[in-house]
Amino acid sequence: MKLRVNGEEREVPEDLTIETLLTHLEVRTSRVAVEKNRTIVPKSEYAGTTLREGDELEIVSFVGGG
């Protein structure tokens, strides 16, 4: 199925959740925030939030440092 991730269209397997998408993209879940269709998804809901064709996601990674 096709999703838009951070402004780019991506072809991904069917039946992904946010959690499995992050794994598919090799993104560590501990330091990210995810917005799905312009709504921030709480980290506790990543495993239960199924993605659908055409969903738009913004994935923001936090970087520490000074």
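For clarity, every value in this text was computed on a predicted model and none was experimentally measured.
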Straight-line distance of L22 CG to L16 CG, nearest 0.5 Å: 10.0 Å

So, for G7 and E58, which heavy atoms are closest and what is the spacing to 0.1 Å? N-OE2, 3.9 Å

By side chain to side chain contact (heavy atoms under 4.5 Å, CB included), which residues pair with E53, not counting sequence neighbours? M1, K2

In terms of hydrophobic clusters joined by side-chain contacts under 4.5 Å, are L3 and L25 together? yes

Just wondering, do T29 and T23 contact through their side chains at under 4.5 Å, heavy atoms? no

What residues form a side-chain hydrogen bond (donor to acceptor under 3.5 Å, both in side chains) with T20, not counting sequence neighbours? T17

In this structure, are over 12 heavy atoms from other groups packed under 6.0 Å from E9 atom CD? yes

Below 4.5 Å, heavy atoms only, C-beta onward: do I40 and V34 meet side chain to side chain? no

Quick one: does L51's side chain get under 4.5 Å of I18's, heavy atoms only? yes

With sequence neighbours excluded, residues passing side chain to side chain contact (heavy atoms under 4.5 Å, CB included) with E26: none

Pairs in or reaching into residues 36-47: which pass side-chain hydrogen bond (donor to acceptor under 3.5 Å, both in side chains), with residues at least two apart or in two chains? N37-D55

Test side chain to side chain contact (heavy atoms under 4.5 Å, CB included) applied to I59 and V5, step by step: CA-CA 7 Å; I59 300 170; V5 179; 3.8 Å; yes

Output, in order, the C-alpha distance, side-chain angles, deciding distance and verdict of side chain to side chain contact (heavy atoms under 4.5 Å, CB included) for H24 and V12. CA-CA 8 Å; H24 178 78; V12 298; 4.3 Å; yes

Could you go through T50 and R52, starting from their C-alpha distance and side-chain angles, then the distance that decides it, and tell me whether this counts as side chain to side chain contact (heavy atoms under 4.5 Å, CB included)? CA-CA 7 Å; T50 303; R52 302 282 181 238; 3.1 Å; yes

